[in-house]
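Have a look at the structure below, then the notes.
All of these numbers come straight from a predicted model, not from anything done at the bench.
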Amino acid sequence: MPDQSVTLRYAERFLDGFLTTAWICGVSICAAVALGLALFLVRRLPFAPARWFYDGYVGLLRGTPFLIQVFLLYYGGPGLGIRLSATTTALIGLSVYGSAYFAEIFRAGFEAVPRGQVEAARMLGFDRGQILRNVELPQMAALILPPSVNQCIILIKESAVLSVITVPELTTVATRVVSETFNFAEPYLLLALLYWLLVEATARGGRWLERAAGRHLTTTKGLTP
C-alpha cells in the first residue's frame with residue numbers, strides 16, 4: 001500500500017527541486033539562445049575557417065549524447081585541470097548543448113527570409129548591420145518561434161540528466177525520496193506532474209509569443225519592401 005503522506009512530507013524538497021530546475025533551465029536557455037545567435041553570425045563571416053568552426057561545433061554537439069557531454073565536463077574536467085561545481089557544470093553543459101540546436105534554428109530562419117527583401121534593402125542603401133536589424137531579424141523572429149519553443153521543451157526534459165552529477169534538481173530530489181521511503185509510485189508521479197507543469201507553462205508562453213509576433217507582422221506587412 002503506497003504511503004500517501006510522501007507528497008506532504010517531502011513537499012518542501014520537491015518545491016526546492018522545482019525551483020532549481022526552473023532557474024537552471026531559464027538561465028541556460030537564455031545563454032543557449034545568445035550563444036546560438038553568436039555562432040550563426042560567425043558562420044555568416046566571409047571566411048572559410050569560420051564556417052569550418054561552425055560545422056565542427058554544431059556537428060560535435062549534436063552528434064554526441066548530452067549525458068556523455070555532462071560526464072566529460074564534470075568527471076573528465078579535473079583530468080584537464082578544469083574543476084567545476086555541479087551547478088556550474090549544469091549551466092555550462094545545457095547552454096553549450098542547446099546553442100548548437102539554436103544556431104541551426106537561426107540558420108534555417110534566416111535562410112527562409114525572401115532574398116528579394118534583402119536585395120531591395122541593399123539597393124535602398126542599407127548596410128549589412130541595418131539589413132540584419134531591420135529586415136532579417138524581424139522577418140525570421142516569427143519563423144523560428146515554434147522550433148525554438150520545442151527546443152526549450154527538449155532542454156527542460158534533458159535537465160533530468162543532471163541528476164547523475166547530483167545537481168539538486170527535480171529528478172535528484174525524487175530519487176532521494178524513493179531511496180528513503182521505498183515508495184516508487186508517488187514520488188515519480190509527482191515528478192512527472194511537476195515536469196509537465198514546467199513544460200506546459202513554456203508551451204503556453206510560446207503560443208502567446210507566436211500570436212504576438214503574428215499580430216506584429218500583420219500590422220507591419222504593408223511597410224515591408
Side-chain angles (χ1 to χ4, degrees), residues 1-36 61-80 82-102 147-209:
M1 180 72 181
D3 181 0
Q4 299 298 326
S5 65
V6 166
T7 300
L8 293 177
R9 280 196 290 135
Y10 294 96
E12 187 174 352
R13 286 199 203 179
F14 275 102
L15 178 60
D16 289 342
F18 180 82
L19 294 176
T20 299
T21 296
W23 83 259
I24 284 178
C25 288
V27 172
S28 299
I29 287 170
C30 291
V33 170
L35 187 54
L61 287 168
R62 293 203 308 170
T64 53
F66 179 57
L67 175 64
I68 304 304
Q69 295 173 23
V70 170
F71 274 142
L72 277 174
L73 193 59
Y74 189 67
Y75 295 112
L80 301 173
I82 302 171
R83 297 183 182 279
L84 301 172
S85 68
T87 301
T88 303
T89 300
L91 291 170
I92 294 175
L94 267 181
S95 301
V96 173
Y97 176 72
S99 68
Y101 290 90
F102 279 114
S148 294
V149 173
N150 285 337
Q151 186 56 42
C152 291
I153 290 172
I154 289 171
L155 289 179
I156 290 171
K157 291 191 286 189
E158 287 281 13
S159 71
V161 169
L162 301 175
S163 62
V164 300
I165 58 172
T166 67
V167 176
E169 46 73 68
L170 271 174
T171 306
T172 302
V173 170
T175 303
R176 288 174 178 169
V177 169
V178 167
S179 67
E180 292 176 16
T181 63
F182 299 102
N183 181 337
F184 289 83
E186 196 176 344
Y188 284 136
L189 281 173
L190 181 57
L191 175 65
L193 174 64
L194 291 172
Y195 272 117
W196 175 79
L197 288 174
L198 201 52
V199 167
E200 185 65 15
T202 302
R204 286 177 180 272
R207 287 195 287 272
W208 181 84
L209 285 175

Inset, instruction - Take Thr175 and Tyr188, measure what side-chain contact (heavy atoms from CB on, under 4.5 Å) needs, and give me the verdict at the end. - result: CA-CA 8 Å; Thr175 303; Tyr188 284 136; 4.0 Å; yes
Legend entry - Shortest non-hydrogen separation from Ala86 to Ile165 and the atoms involved: CB-O, 3.3 Å
Inset, instruction - Any chance you could measure Leu189, atom CG, to Asn183, atom CG, to the nearest 0.5 Å? - result: 9.0 Å
Legend entry - Arg13: salt bridge (charged side-chain N to carboxylate O under 4.0 Å, His left out) partners, not counting sequence neighbours: Glu180
Legend entry - Leu72 side, atom CG; Leu67 side, atom CG - distance, nearest 0.5 Å: 10.0 Å
Inset, instruction - Could you grab the distance from atom OG of Ser148 to atom CD1 of Ile153, nearest 0.5 Å is fine? - result: 11.0 Å
Inset, instruction - Look up atom CG in Leu193 and atom CG in Leu198, then write down how far apart they are to the nearest 0.5 Å. - result: 11.5 Å
Legend entry - For Thr89, the option from Val167, Ile82, Leu73 that meets side-chain contact (heavy atoms from CB on, under 4.5 Å): Leu73
Inset, instruction - Check Ser95, Pro147, Cys152 against Phe102 for a side-chain contact (heavy atoms from CB on, under 4.5 Å) and give me the one that passes. - result: Cys152
Legend entry - Heavy-atom pair with the smallest gap, counting every atom of Ala90 and Ser28: O-OG, 4.2 Å
Legend entry - Aromatic ring proximity, centroids under 6.0 angstrom, Phe71 and Tyr75: yes
Legend entry - OG-CD distance between Ser99 and Gln151, expressed to the nearest 0.5 angstrom: 10.0 Å
Inset, instruction - Please name the pair of heavy atoms, one in Tyr74 and one in Leu84, separated by the smallest distance, quoted to 0.1 Å. - result: CE1-O, 3.5 Å
Inset, instruction - Show your working on side chain to side chain donor-acceptor pair (under 3.5 Å) between Tyr195 and Thr21 and close with a plain yes or no. - result: CA-CA 9 Å; Tyr195 272 117; Thr21 296; 4.6 Å; no
Inset, instruction - If a pair satisfies salt bridge (Lys or Arg N to Asp or Glu O under 4.0 Å) and one of its residues is in residues 61-75, list it, with sequence neighbours excluded. - result: Arg62-Glu104
Legend entry - Gap separating the CG atom of Leu170 from the CD1 atom of Ile156, nearest 0.5 angstrom: 11.0 Å
Inset, instruction - Give the minimum heavy-atom separation between Pro168 and Val173, together with the two atoms involved. - result: O-CG2, 4.4 Å
Inset, instruction - Verify the neighbour count for atom CZ of Arg207: are there more than 12 heavy atoms of other residues, nucleotides or ligands below 6.0 Å? - result: yes
Legend entry - Donor + acceptor pair across side chains of Glu169, Thr172 (<3.5 Å): yes
Inset, instruction - Quick one: closest heavy-atom pair of Phe14 and Val177, and the distance? - result: CE1-CG2, 4.1 Å
Legend entry - Candidate pair Thr181 and Glu186, rule side-chain contact (heavy atoms from CB on, under 4.5 Å), full reasoning: CA-CA 10 Å; Thr181 63; Glu186 196 176 344; over 6 Å; no
Inset, instruction - Please identify each residue that fulfils side-chain contact (heavy atoms from CB on, under 4.5 Å) with Phe66, with sequence neighbours left out. - result: Gln69, Val70, Leu94, Tyr97, Glu158, Val161, Leu162
Inset, instruction - Report yes if some heavy atom in the side chain of Trp23 is under 4.5 Å from a heavy atom in the side chain of Thr87; otherwise report no. - result: yes
